[in-house]
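See structure below.
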Amino acid sequence: MTIDAHQHFWHFDPVRDSWITDDMAIIRRDFLPADLEPILAQNGIDGCVAVQASQSEAETIFLVRMAQTYDIIKGVVGWVDLQSAQLPERLQHLSHYKEIKGYRHIAQSEPDDFLARPAVVAGIRQLANFGLTYDILIHPTQLKAALHLVRAVPDVSFVIDHLAKPYIKKREISRWSNFIAEIAKNKNVSCKLSGMVTEGDWQDWSKKDFFPYMDVIFENFGPDRIMFGSDWPVCLVAANYTQVKTLVDEYVSDWGEEVRAKVFGVNAVSFYNLPQY
């Protein structure tokens, strides 16, 4: 089964979705499963993982309802208040929704030390009690805190979204790659080949801009801890779905069909414990 391990749905709300700036106007509208279905079919993708885009339990339930309605959605990465005193009760309540495979917080919008804060680490540690994963969404300046987190919580499976958003447009790689190497030493951490085109030059990128960064990911994580994600519809500010998939497909093709199968499905199914139908 081929899987897109990272995409989003929303009914556009100009207040809630104020992160969608004027230069991203192309995604200032609704994006729902019915929009994605034909695109996945055209690109040979069987299903996807829907990831939260706003910080509320209402967002989590919205994604769950979508997953219950549309077969293409194989799992949900939701949001819950990881620092709440009621976190155990909330996780217990939400555990009734088998569609939820893990959680994420938009840590990229928080101070650099956020993921290393004791209350956050303690909250994420509780995910292990429910067999849940955690998606790490950060900028490179937050990699130090992420390294602390994954070391402190070895019982939770983590995945780094969007390669931790390296500064591809500026062609900066060394400091980012050093931290990636350290994080990858922790076997409970995987990485998504996602969100790359939006870190490059939106109007003038080429596949060669991204290959050095993918080299670092493959060198450190290896083929068993890497998964493809489109980051649709956010990717549309820089590239269409087929361009994003082709970018990863062309790179992975040199590794052979077995590795391609892992990156485009096997690893995501295993990591998120997705239903295989």
Side-chain angles (χ1 to χ4, degrees), residues 1-10 26-27 29-53 62-78 98-102 104 133 135 137 159-163 190-198 205 207 210-211 214 217-218 221 223-277:
M1 190 164 66
T2 54
I3 296 293
D4 178 343
H6 196 106
Q7 51 75 224
H8 308 285
F9 299 115
W10 60 70
I26 192 173
I27 60 172
R29 63 177 180 84
D30 295 353
F31 287 93
L32 298 168
D35 301 309
L36 183 62
E37 277 183 318
I39 296 172
L40 293 186
Q42 291 161 14
N43 286 276
I45 302 291
D46 298 315
C48 62
V49 176
V51 180
Q52 61 87 219
F62 164 71
L63 295 177
V64 166
R65 299 302 183 213
M66 294 291 100
Q68 291 171 341
T69 306
Y70 292 89
D71 289 341
I72 59 166
I73 305 174
K74 305 301 184 183
V76 166
V77 175
K98 301 307 179 186
E99 296 81 6
I100 300 174
K101 305 302 181 180
R104 184 178 84 156
T133 64
D135 272 53
L137 177 64
V159 61
I160 296 176
D161 293 348
H162 314 333
L163 291 68
S190 297
C191 185
K192 291 181 184 176
L193 292 178
S194 61
M196 290 183 287
V197 292
T198 45
W205 59 265
K207 61 186 181 183
F210 309 105
F211 283 6
M214 286 192 269
I217 298 303
F218 267 84
F221 285 96
D224 294 325
R225 292 190 287 148
I226 297 172
M227 57 192 91
F228 163 73
S230 68
D231 197 28
W232 181 94
V234 181
C235 66
L236 297 177
V237 303
N240 64 40
Y241 193 103
T242 300
Q243 288 175 306
V244 171
K245 177 176 179 280
T246 300
L247 174 65
V248 176
D249 225 343
E250 289 190 8
Y251 181 88
V252 173
S253 65
D254 290 339
W255 288 74
E257 189 53 41
E258 183 180 355
V259 170
R260 185 190 180 281
K262 290 179 178 181
V263 172
F264 278 94
V266 173
N267 294 343
V269 169
S270 174
F271 181 85
Y272 285 119
N273 190 27
L274 304 180
Q276 297 189 55
Y277 55 83

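Please read all numbers here as calculations on a predicted model, not as lab measurements.
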Any non-hydrogen side-chain atom of H8 less than 4.5 Å from a side-chain atom of V234? yes
Any non-hydrogen side-chain atom of M196 less than 4.5 Å from a side-chain atom of L247? yes
For M227 and V159, what are the C-alpha separation, side-chain angles and deciding distance, and is it a side chain to side chain contact (heavy atoms under 4.5 Å, CB included)? CA-CA 9 Å; M227 57 192 91; V159 61; 4.1 Å; yes
Please report the interatomic distance [atom1]([X]) to [atom2]([Y]), rounded to the nearest 0.5 Å.
X: E37; Y: I72; atom1: CD; atom2: CD1; answer: 4.5 Å
X: I3; Y: Q276; atom1: CD1; atom2: CD; answer: 9.0 Å
X: W10; Y: M66; atom1: CH2; atom2: CE; answer: 14.5 Å
X: F221; Y: S190; atom1: CZ; atom2: OG; answer: 7.5 Å

Take L163 and L193, measure what side chain to side chain contact (heavy atoms under 4.5 Å, CB included) needs, and give me the verdict at the end. CA-CA 6 Å; L163 291 68; L193 292 178; 4.2 Å; yes
Would you please name every residue forming a side chain to side chain contact (heavy atoms under 4.5 Å, CB included) with [X], sequence neighbours left out?
X: D35; value: L32, W232
X: Q68; value: V64, R65, Y97, E99
X: A50; value: Q7, F9, L63, I73

Contacts of K98 that satisfy salt bridge (charged side-chain N to carboxylate O under 4.0 Å, His left out) - sequence neighbours left out: none
Test of understanding: with salt bridge (charged side-chain N to carboxylate O under 4.0 Å, His left out), list the residues that count as partners of K245, not counting sequence neighbours. D249
For residues 261-274, which side-chain donor-acceptor pairs fall under 3.5 Å, sequence neighbours excluded?
residue	atom	partner	partner atom	Å
K262	NZ	D224	OD1	2.6
N267	ND2	P223	O	2.7
N267	ND2	I226	O	2.8
N267	ND2	K262	O	3.4
Y272	OH	D135	OD1	2.7
Y272	OH	D135	OD2	3.3
Y272	OH	K192	NZ	2.9

Is a side-chain N or O of S253 found less than 3.5 angstrom from the main chain of E250, in a donor-acceptor match? yes
Is the side chain of S230 donor-acceptor paired with the backbone N or O of Y241 at a distance under 3.5 Å, no angle test? no
Would you check if the distance from the ring center of F210 to the ring center of Y251 is below 6.0 Å? no
Go through Y70 and L36 one step at a time and tell me if the side chain to side chain contact (heavy atoms under 4.5 Å, CB included) criterion holds. CA-CA 11 Å; Y70 292 89; L36 183 62; over 6 Å; no
Could you verify whether a donor N or O on one side chain and an acceptor N or O on the other, from T242 and N43, lie under 3.5 Å apart? yes
Would the number of heavy atoms belonging to other residues, nucleotides or ligands and lying under 6.0 Å from CG of D30 be above 12? yes
